[in-house]
Structure formats: structure tokens, C-alpha cells
K.L.:
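Would you mind keeping the following structure in view while I ask a few things?
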Amino acid sequence: MVKLKLLRPFIQGKTFRNPAGSRATAAPTRPFILLNPANATPHANYHPTQSAELMHALTSSVAAQKEWACTSPSHRSSILRRAADILSQNIKALSEIETMDTGRPVRETECDVQEGIECLNYYAGLIATAPHGEMQRFHRGNWGYTTRQPLGVCLGIGAWNYPLQGVLWKSVPALAFGNSMIFKPSEYTPSTALWLGECFVEAGVPEGLFQVVLGAKEVAEQLIQSPQVSKVSFTGSVATGQKVYEMASRGMKKVTMELGGKSPMIIFDDANMDNAVSAAMMGNWYSSGQVCSNATRVFVHESIVEEFVEKLVERTKKLRIGDPMSAETDIGPMAHKQQMDKVLEYIDIGIKEGSTLIYGGKRPSNLPNHLKDGYFLEPAIFTNCTDDMTIVQHEIFGMVMSILTFRTEDEVIERANKTEFGLAAGVFTRDIQRGHRVIDKLDAGVTWVNNYNLAPVQMPWGGCKRSGIGRENGSASVEEWTQWKAVYVGMGTVDCPYPK
Ligand code: NAD
């Protein structure tokens, strides 16, 4: 059983230095302090990675990738499976670290670790069977073949809401297909990425192949602009994604952009009501609403809206808001104070623009003393919303549900698509043809019929419109993490009309 040593220092609140280049000198910078969102007290801190350390990280990443690209898929596969085993031996401890950084309840973060194990095992299997290329015959015995090659050094940049999932969805396929990865987690939530770095080494990943660098945009920008980086896989907001995409395009780098959303859930009058309410709650309250694919625009058929709202409020009242370290807790705090303040501002705007706040939207008043300073909010339910309202248009990234009513199928499809985003969408109906017909017409990369927000690693994940470019996971990841090479093989003389 492998217990990784990074666990204890994180829990005890020590300082972490210089994870990228263990041999580079520690930097005399001001440490970045990580606050536990449940009580606003520091739980760890770290020093941002400095330019010299970034250079060292790049050089060692290039060298490690060259060697790694020559290893067999079965060798890489066995290392990924070992990493999966280490994760399974540390589920509780790892989920507690993630909860300390993000504030998400341990019940949720334990699921993330389980899904991480699935991710490692999935790619361990996929690289053994993924199509590698094809052979073609040409005239006079000439022939050719195509092969998929690694991209080289890949850069991963993560968001703060699902840090462990983010680093796994990027680093596991990158490594599986023969690349190296430098990963920059969000400055708010770096801990599980650091832990994963140690886990990979323990599993047999060679030194330098996977490295974590710490800091904010300055660190990311230096790496995006490095000619040694071939691909940038980014998760974050649309506004940052645009800047990253623009910077990467100057170096003609391959990109994946996993950005924000304002996704619709459409509930028809024949839907199973309990399922629809469950999905609306999961698609708005889970992770305190800090989920990119959340169904924050809930379109309910006008004939059933009263019953829907009644059941929704009744069940939302029962949610236990509190200590995210407790297995009993349904809703933890927001991940950081700025996010909590932003959500409160949007709730205010919603009220001022004329929608009706029928439940929640305040800071809870009944928390125990040790959680009084935490960034807790009640879920907010708004009715009487219209399509053009700010809370219906903007990605808020918190528990703010807008309920909208509709009459006809054509009308709701048109309104659901009236957004700059295109990440996710869901439909609830018992009419199987309608379910598929409607989902087919919705502008979204990830969709569900009679469910919501499930993301098995076998399915591609990513958005259209301004929600992103490219896909993570599924067989689509072969395209995202490799590049074609065409090889033409001449079997005879070279045809040449020029004089000898
Ligand atoms: P963000 O855009 O503020 O930051 C994301 C990352 O980019 C962080 O690591 C940050 O340090 C870095 N960054 C910031 N400015 C940068 C710059 N100029 N150049 C390079 N890097 C820079 O996003 P966030 O607040 O961390 O995360 C929330 C957003 O992420 C939401 O919009 C959410 O929808 C989105 N998200 C999308 C997905 C998805 O799969 N589509 C998943 C999770 C989160």
C-alpha cells in the first residue's frame, strides 16, 4: 500500500517550494496563501514558480518526452494502471485535500477520485487498442502508411472548480499517447495536482515527464509562448480562453479550450417529474453551482411549472449546508470569497431586473461558530425570468437557477439556443422521438436525454460556439493528443522528366 508523503504536509499547512524543478534553488518570492473556504483560515502556502525554474522544467520536459515516446504502449499502460492503484489506496486522504482547497463536500470529491481511477484505467486500455494508422498501395509497388505521433511537450492549464479531474483529464491522455506535460493548476487549488506529480513518480513515470508549476497568469503566459511547447490544453473562462488561444496561435500551437457555459435544461409536460427535479438540483446545486456544464436555464413547460417549482423548493429546503469534511453535508462553501461576492452581486441584479427570488440567495444564518467565516451561500431559485435578463445570459458559476416557461417545442429550441455558449444541454420527456429530435437541434457539445451532468471518461467532453474548441476524453482524445505523419515508400526508380 503506497501512502504518499505529500498528504501530511498539506494537512498540516506547510509551505511548498519549487515543485517544478526540485534541483533549482528556492525562490525568495512572497508565498501564495491557500485559504480553507469552509472557515477562511490558511491551510497551506506555496511560492510561485520562477522564470529560471520554468526554463529548467521545459528543458527536462523535452528530454523526458524524447525517451518516453520510444516506450511501448504496454509499458505506458502498466504505469497508468499502477497510478490508478495508488489513487485507489488513497481515496479518502486525496478527497480531503481536494475538499480543503475547493470547499466541495467530501462526498463529491471522493467521486472525483473514483472517476480519476477510471480515467487512468480507461487510457491504459485505450492506448493498447487505439487505431495507430493505415497502409495504402500506390502505382508500381509504391506504398505508404500513416502513423500517429506524439505532439511533444504539452501544457495543461487548470481551473479551480474540479482541480483533480482537470489535471487527470489532461495529463493522463497526454502521457498515454507519448507526450510530456507541464501542468499549471489554478493558483487557488494546486494541491491535488502536486499530489498527482508524486503519485506518477511512485508509479514509474520518469523524472521530468510530468511537472507541476505554480502561480497565476504570468507563469502560464511564459509557458504558452515557449517554442518548446507544442500544445496548450486550457480549462477556464471564455475571457481567459480567448487570450490563451490568441497567444498560442502566434506559435501555431494545437489547442483544446474547455470554457464556460449557460446551459439549458428543457422539461416537457410528459417528463418524469421526480427525475426532472433531481436533475435540475444536481445540475445547479452540485459543487455549489461551480460546474461549467450546469443547467442554469431551466425551461419548464407552462402546464407543469407550478408543480415543478413546488417540488423543487420543498427538496431544496432539505439540503444540509455545512462542513464539507462531513459525509452528511450536501452543500459546502463557495471555493473563494471573490466567487461568493460575485454570486451575491448577480442575485442582486436578478432582483433589480424584475425576476422573483422565490428561495434562498443569502448567506445562511444558522451555521456553527467554526464555519461562520466560510464562504457559504444558500441556493437561489428565480422565477418570472425572461431570456434577455442578465442572470439568464451570464455564466454566474454559483447556485443561481433561472426558471423559464415555454409552450411549444420549436419555441423552446430557438430560445435555448439563444446564447453565445454551447457547452451542454438536457431534455426531459417520456416521448423517445421528441427526446432525440430536440437534443439533435440544441447547440451543445455535451448533451443528455432524461439525465444531466454525467461525464463518463468514455464520452467526449467539450463545447461549441464560445464554450470551446476540441474535446477531452473518449476516442476523440486520440486526435487531440497525437498528430498524423504520412510516410510514402518508394519501391523503384524515381519518375523524373528532367534530363540525366
Ligand atoms: P480562469 O479563466 O480565471 O482561470 C483558469 C486558469 O487560467 C487558471 O489556472 C489561471 O491562473 C489561468 N489564467 C488566468 N489568466 C490567464 C492568462 N492571461 N493567460 C494564461 N492563463 C491564465 O477560470 P477559473 O475562474 O479558474 O474557472 C472558472 C471557469 O472555468 C468557468 O468559466 C467555467 O465554466 C470554466 N470551466 C470549464 C470547464 C469545461 O470543461 N468546459 C471545466 C471547468 C471550468
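Ligands are counted one by one from 1 in listed order, and the atoms in each one are counted from 1 as well. Note that these values count all heavy atoms, side chains included, but never hydrogens, waters or copies made by symmetry.
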K.L.:
When you compare the side chains of Ser60 and Glu207, does any donor N or O come within less than 3.5 Å of an acceptor on the partner?
P.N.:
no
K.L.:
For atom 12 (C) of ligand 1, what's the nearest protein heavy atom and its distance?
P.N.:
Ile157 CG2, 3.9 Å
K.L.:
Under 4.0 Å from any heavy atom of Gly260, which atoms of ligand 1 are there?
P.N.:
32 (O), 34 (O)
K.L.:
Side chains of Lys170 and Ser233: donor-acceptor distance under 3.5 Å anywhere?
P.N.:
yes
K.L.:
List the closest protein heavy-atom neighbour of atom 27 (O) of ligand 1: residue, atom name, distance to the nearest 0.1 Å.
P.N.:
Ala159 CB, 3.3 Å
K.L.:
Tell me, which protein residue and heavy-atom name are nearest atom 5 (C) of ligand 1, and how many Å apart are they?
P.N.:
Thr235 O, 3.5 Å
K.L.:
Please determine if Arg363 forms a cation-pi arrangement with Tyr375, meaning its NZ or CZ atom is less than 6.0 Å from the six-membered ring centre and no more than 45° off the ring axis.
P.N.:
no
K.L.:
With a sphere of 6.0 Å drawn around OH of Tyr245, does it hold more than 12 non-hydrogen atoms of other residues, nucleotides or ligands?
P.N.:
no
K.L.:
Taking distance alone, with N or O pairs closer than 3.5 Å, would you say Glu221 contacts ligand 1?
P.N.:
yes
K.L.:
Just heavy atoms, cut-off under 4.0 Å: does Leu259 contact ligand 1 by side chain, backbone, both, or neither?
P.N.:
backbone
K.L.:
Judging by distance only, is a nitrogen or oxygen of Ser237 under 3.5 angstrom from one on ligand 1?
P.N.:
yes
K.L.:
Looking at ligand 1, is there an atom of it that comes within less than 4.0 Å of some heavy atom belonging to Gly468?
P.N.:
no
K.L.:
Could you check atom 14 (C) of ligand 1 against the protein and tell me its nearest heavy-atom contact, residue, atom and distance included?
P.N.:
Thr240 CG2, 3.5 Å
K.L.:
If you have a sec, work out which protein heavy atom is nearest atom 24 (P) of ligand 1 and how many Å separate them, to one decimal?
P.N.:
Trp160 NE1, 3.4 Å
K.L.:
Thinking salt bridges, do Lys418 and Asp387 make one under a 4.0 Å N-O criterion?
P.N.:
no
K.L.:
Between His47 and Phe32, is a ring-ring contact (aromatic ring centres under 6.0 Å, His included) present by the stated rule, with each step listed?
P.N.:
CA-CA 6 Å; His47 289 265; Phe32 193 99; over 10 Å; no
K.L.:
With the threshold set at under 4.0 angstrom, would you say Gly463 reaches ligand 1 through any of its heavy atoms?
P.N.:
no
K.L.:
Select one of side chain, backbone, both or neither to describe which atoms of Cys292 lie under 4.0 Å from any atom of ligand 1, heavy atoms only.
P.N.:
both
K.L.:
Using 0.5 Å steps for rounding, measure from the CE atom of Met281 to the CG atom of Leu312.
P.N.:
6.5 Å
K.L.:
Looking at Asn161, which atoms of ligand 1 are within less than 4.0 Å of one of its heavy atoms?
P.N.:
43 (C), 44 (C)
K.L.:
Give yes if a backbone or side-chain nitrogen or oxygen of Ala216 is under 3.5 Å from a nitrogen or oxygen of ligand 1, and no if not.
P.N.:
no
K.L.:
Measure the distance from atom 8 (C) of ligand 1 to every protein heavy atom, then report the residue, atom name and distance (to 0.1 Å) of the closest one.
P.N.:
Gly158 O, 3.2 Å
K.L.:
Relative to ligand 1, is Val244 under 4.0 angstrom through side chain, backbone, both or neither, heavy atoms considered?
P.N.:
side chain
K.L.:
What protein heavy atom lies closest to atom 10 (C) of ligand 1? Include the residue and the distance to one decimal.
P.N.:
Glu187 OE1, 3.6 Å
K.L.:
Can a non-hydrogen atom of Phe397 be found less than 4.0 Å from any atom of ligand 1?
P.N.:
yes
K.L.:
Which part of Phe234 is near ligand 1, with near meaning a heavy atom under 4.0 Å away: side chain, backbone, both or neither?
P.N.:
side chain
K.L.:
Which of the numbered atoms in ligand 1 are below 4.0 angstrom from a heavy atom of Ser186?
P.N.:
9 (O)
K.L.:
Which ligand 1 atoms, with their elements, are less than 4.0 angstrom from a heavy-atom of Leu423?
P.N.:
41 (N)
K.L.:
Under a 3.5 Å threshold, yes or no: a donor from one side chain and an acceptor from the other, between Gln228 and Ser61?
P.N.:
no
K.L.:
Give the residue and atom name of whichever protein heavy atom lies nearest to atom 40 (O) of ligand 1, and the separation in Å to one decimal.
P.N.:
Trp461 NE1, 2.9 Å
K.L.:
With under 30° as parallel and over 60° as perpendicular, where do the rings of Phe210 and Phe200 fit, or are they tilted in between?
P.N.:
perpendicular
K.L.:
Return the orientation label for the Tyr188 and His336 ring planes: parallel under 30°, perpendicular over 60°, tilted otherwise.
P.N.:
parallel
K.L.:
Classify the contact between Glu395 and ligand 1 as side chain, backbone, both or neither, using a heavy-atom distance cut-off of under 4.0 Å.
P.N.:
side chain
K.L.:
Mind checking the CD1-CG spacing from Ile97 to Leu194? Nearest 0.5 Å is all I need.
P.N.:
9.5 Å
K.L.:
Is the shortest side-chain N to carboxylate O distance from Glu420 to Lys465 below 4.0 Å?
P.N.:
no
K.L.:
Could you go step by step and tell me if Trp169 and Tyr123 meet the ring-ring contact (aromatic ring centres under 6.0 Å, His included) rule?
P.N.:
CA-CA 10 Å; Trp169 281 13; Tyr123 282 108; 9.7 Å; no
K.L.:
Mark up the atoms of ligand 1 that fall under 4.0 Å of a heavy atom belonging to Ala220, in ascending order.
P.N.:
20 (C), 21 (N)
K.L.:
Is the shortest N/O to N/O distance between Lys184 and ligand 1 below 3.5 Å?
P.N.:
yes
K.L.:
Do you see a protein non-hydrogen atom under 4.0 Å from atom 34 (O) of ligand 1?
P.N.:
yes
K.L.:
So, taking the atom named CE in Met100 and the one named OG1 in Thr192, what distance separates them when rounded to the nearest 0.5 Å?
P.N.:
12.0 Å
K.L.:
First locate atom CG of Leu120, then atom CG of Leu80, and finally report the distance between them rounded to the nearest 0.5 Å.
P.N.:
6.0 Å
